[in-house]
Structures are given as structure tokens and as C-alpha cells.
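Just below is one structure, and these are the notes that go with it.
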Amino acid sequence: MLTVICMVLCVALVAGAWPLAGQWRDRHASRIYEGLTPGLTPPVGAEQPTRPITERELLATNYAVAFNPPEGVQPREVGLLLDRQTGPRDLAASIIALVVNGYLTMRKDDEGNDWIVTVNRDPQRPPHAPEPDSLWLLDYFDFGDGQPVSLSAAKPGLRDAFARLESEVLSSAVEKQYIDLDPRGRKAPTGGLTFGAVFAALIAGFLGLAGNPLAWVAAGGAGALAITAGRVRGPMGRPAEGTAAYFRTMGFKRYIDTAEANQIKVEDAAGIFSRYLPWAIAFNAADHWTGVFKDVARGVDEDIAALWAPDLIWMALWMDIASGGALFAGLGEALTDLTDGIGDLTGDVFGDGGMGDGGFGDGGDAGDAGGGGDAGGDGGWFGGGGDGDGGGFFGDFDF
């Protein structure tokens with residue numbers, strides 16, 4: 001009789017695991033607005049049904065290229081939306097946004113070994129430029145005496161700056177309903193469930209060898225845990241608003257990643273370049289973005305250069321390319337310097353080993369933020385050095 005009861009319990013455990021695991025998966029899965037193009041949201045106050053979307057379906061969904069930054073998203077939020085964690089690129093994008101908007105100017109010191117940073121709290125900002133989102137970062141480059149500081153002297157404070165940025169981004173994302181909870185490290189417990197299934201199977205085996213009918217219950221538990229591990233896996237999901245913001249951001253990333261010089265009007269290039277540069281950094285696409293505009297700049301005459309001047313004056317301040325009246329003499333070369341300059345600027349801020357559970361340390365490639373990526377030769381954007389142009393994008397600072 002006991003054997004029959006245990007067999008019934010085994011079947012019940014296995015049969016009940018499938019629907020219960022499905023409910024658990026759907027409760028923690030990303031959601032998407034039904035009936036709307038990916039990236040769009042319903043009008044304010046309107047009710048729009050949502051449905052769960054698996055990570056596999058999310059990655060397979062088609063979305064349109066966007067030629068403007070995603071509405072409601074800031075460059076510093078890119079890491080959280082795309083990778084579920086704020087990373088060094090998001091801080092770098094915020095710093096470069098301050099440079100582009102004139103709040104910071106940077107130049108190499110006389111020996112060429114360090115960057116000299118000057119704060120300007122009332123700059124002549126580029127026309128139509130949006131207000132930077134992290135003006136408080138200026139405090140980390142201002143020691144109270146109004147004097148320029150070296151980047152090496154400011155480095156220790158940038159650890160705290162990153163912590164504050166991460167906290168602000170999380171709070172903002174919850175307020176915008178891009179996330180429900182802090183997503184750092186929040187993944188379905190697939191490993192624990194799998195371990196439990198193996199452990200229960202071993203117990204079932206031992207009990208079976210001993211002729212104990214409870215082996216059926218242990219076997220049912222092993223099956224239930226295995227089914228749950230198979231159905232509930234991957235990172236925790238986003239609310240429908242967050243999924244829409246994800247698609248908008250990915251659409252703009254596709255544009256930044258695939259833009260070509262022949263698609264950009266020379267007359268408009270300066271404003272686009274400066275305004276989108278922080279985004280290119282957040283997307284890990286600054287090399288491509290500056291390369292496109294190096295091509296655009298080839299053969300630019302003085303009349304066109306004069307149109308570019310108001311938007312690119314920050315480059316003159318940073319890269320010292322102003323020379324008499326010919327502000328953009330050698331603009332192509334200046335953009336080459338800019339590629340190396342961004343790497344040098346942020347290359348000393350974060351270092352080997354990186355941060356976060358995912359790690360920004362040695363090994364891997366530029367795609368997974370390792371230390372052996374393509375950008376900067378062998379250094380990679382988050383790598384530990386290397387012997388390419390300027391080493392890794394985030395070089396030797398031990399974060």
C-alpha cells in the first residue's frame with residue numbers, strides 16, 4: 001500500500017511541476033505590450049494588455065533602427081537596460097557628456113603623462129544640447145580652489161562617483177518602471193534547482209537499492225526540480241515599460257553601430273557627432289563612431305568647418321587643435337586623436353578585474369567586456385592594458 005501511495009506522489013510531483021514552474025516563470029519573465037510595435041508605449045492613462053516574453057523571444061524580436069536617441073532614456077542608463085547592470089562605460093559616457101557640453105575641459109599635461117581637468121560651471125554650451133544628467137560629477141573634479149586638477153588626483157573619488165551613479169540610475173529606472181527591483185545578481189535559481197534535482201536523484205537511487213518505497217517520492221522530487229530548472233532560467237525580467245525602453249535603445253544602438261559616412265550630411269555632422277558621442281561610448285562603439293566622422297571630415301572646406309565650429313569648440317579646448325583662424329585645420333587628424341584621447345581619458349579610471357558579478361576583468365573580448373577585446377589592440381575596452389592604441393578603454397585603475 002505504501003508503495004502505491006509513493007508512486008502516486010511521484011506522478012503528482014512530476015505532473016504538478018510543469019504548470020507551477022510555468023507560473024513562476026511567467027511571474028518573473030519580461031513583459032511586452034500586446035498589439036504595439038516593439039519600443040512603443042500606450043498613451044498616458046491608457047490601458048494596454050501585456051504578456052510574458054521569454055529571453056529567447058526577446059532576442060529574436062525585430063525592431064526598427066532609430067536615428068535619434070531613445071525617448072526617456074539617458075546614456076548612463078544603457079548598461080542597466082541592455083545588460084541589467086550599470087558599468088564603467090555608463091560613467092564614462094556621463095563624463096564625456098560634460099566635456100561635450102563644456103562643463104569640463106581636458107588637456108594633456110606638458111609631459112603627456114596625465115590629463116589636466118578644468119571645471120567650468122557656466123559654459124557656452126553647444127546649440128540645442130540637452131542638459132547633462134550628472135552635473136554633480138563636476139564636484140569630483142573641483143577641489144574647491146577653482147584650479148585645474150590632474151586626472152590621477154581625481155581618480156580616488158571616482159570610485160564613490162560610480163557608486164552614486166549606480167544608485168541614481170537604479171532609483172530612476174524603478175521610478176520609470178523600467179525595472180521592478182534591483183536586478184544585480186537577480187537570476188532564476190537554475191543552478192540551485194539543478195543541484196537539488198541531482199541530489200534528489202541520488203537519494204532516490206540509494207533508497208531504491210535499499211528497497212525503500214520512498215525512492216518513488218525522491219524520484220518524483222528529482223523530476224519536479226529538473227522540470228522547474230528547465231522552465232525557470234535566465235535573468236529576471238523587465239516590466240513592459242522596460243521592455244519598450246530596451247527596444248528603443250537597441251534601435252538607436254543599431255544606428256550607431258552601422259552608421260556610414262555617406263549617410264550623414266556634412267552640414268549636419270558636427271551636431272550629430274557631439275550629441276551622440278556619449279551614446280557611442282555607452283554602446284561600446286566610440287571607435288566606429290569617430291571613424292565614421294573621420295571619413296566625413298575628409299576634404300571639408302573652411303566654409304563647412306565654420307558651420308561645425310560652434311558644436312565642436314569643445315574639441316578645440318580639449319585637443320588643442322585651434323590654430324589662428326583655422327579652427328578645423330586637420331580635422332581628420334583631430335578625430336584620430338579623439339579616438340586615442342577617449343581611451344587615455346578613461347583608461348586610467350577603472351582597472352583590471354573590474355566590478356560587478358559579470359566582471360570587467362581579464363580575458364574575453366570586447367563584446368563581453370573582458371580584457372582581450374578588439375578596441376585598443378589587445379587591451380579591450382575594459383581590459384587590463386595591451387599594446388594597442390592607448391591600451392584598454394578602462395586601463396590600469398585598480399577598482
Side-chain angles (χ1 to χ4, degrees), residues 64-70 75 78 89 92-93 95-102 104-107 124-130 132 249-346 366 374-377 381 388-390 393:
V65 176
F67 298 98
N68 293 289
V78 165
R89 278 197 301 265
I95 293 174
I96 295 300
L98 294 176
V99 175
V100 169
N101 282 273
L104 293 176
T105 58
M106 302 186 180
R107 60 177 178 81
Q124 180 182 353
R125 297 174 55 220
H128 312 301
T249 305
M250 287 297 294
F252 188 54
K253 182 179 187 296
R254 179 176 288 179
Y255 167 65
I256 295 292
D257 286 342
T258 61
E260 297 181 3
N262 60 11
Q263 299 172 334
I264 298 172
K265 293 181 180 180
V266 175
E267 294 82 357
D268 300 332
I272 294 175
F273 175 79
S274 297
R275 188 155 58 100
Y276 295 174
L277 180 60
W279 290 96
I281 292 172
F283 291 140
N284 198 12
D287 278 348
H288 172 71
W289 191 243
T290 52
V292 168
F293 283 84
K294 281 162 57 178
D295 292 339
V296 174
R298 289 193 180 116
V300 170
D301 58 30
E302 293 298 321
D303 291 336
I304 296 297
L307 295 176
W308 286 24
D311 280 328
L312 293 182
I313 188 65
W314 64 272
M315 278 184 60
L317 296 171
W318 182 17
M319 309 303 293
D320 290 331
I321 62 173
S323 175
L327 178 64
F328 284 86
L331 182 57
E333 289 77 5
L335 286 171
T336 299
D337 291 341
L338 177 61
T339 305
D340 299 337
I342 292 173
D344 289 342
L345 167 63
T346 52
D374 298 331
W381 284 52
D389 294 337
F393 191 84

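The model shown is predicted, which means the values in this text are computed figures rather than measured ones.
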task: Would you please test Phe273 and Ile264 for side chain to side chain contact (heavy atoms under 4.5 Å, CB included) and show each step?
output: CA-CA 10 Å; Phe273 175 79; Ile264 298 172; over 6 Å; no
Can you see which heavy atom on [X] is nearest to which on [Y], and at what distance?
{"X": "Ala286", "Y": "Ile281", "answer": "CB-CG1, 4.0 Å"}
{"X": "Phe293", "Y": "Ala269", "answer": "CE2-O, 3.1 Å"}
{"X": "Ala282", "Y": "Pro75", "answer": "CB-O, 3.7 Å"}
{"X": "Leu277", "Y": "Trp289", "answer": "N-NE1, 4.0 Å"}

Residues 250-259 side chain polar contacts: donor-acceptor under 3.5 Å, at least two apart:
residue	atom	partner	partner atom	Å
Lys253	NZ	Asp257	OD2	2.8
Arg254	NH1	Tyr63	O	3.1
Arg254	NH2	Tyr63	OH	3.4
Thr258	OG1	Arg254	O	2.6

- prompt: Considering residues at least two apart in sequence or located in another chain, which fulfil the side chain to side chain contact (heavy atoms under 4.5 Å, CB included) criterion with Ala261?
  reply: Val292, Asp295, Val296
- request: Would you please test Ile96 and Trp279 for side chain to side chain contact (heavy atoms under 4.5 Å, CB included) and show each step?
  value: CA-CA 10 Å; Ile96 295 300; Trp279 290 96; over 6 Å; no
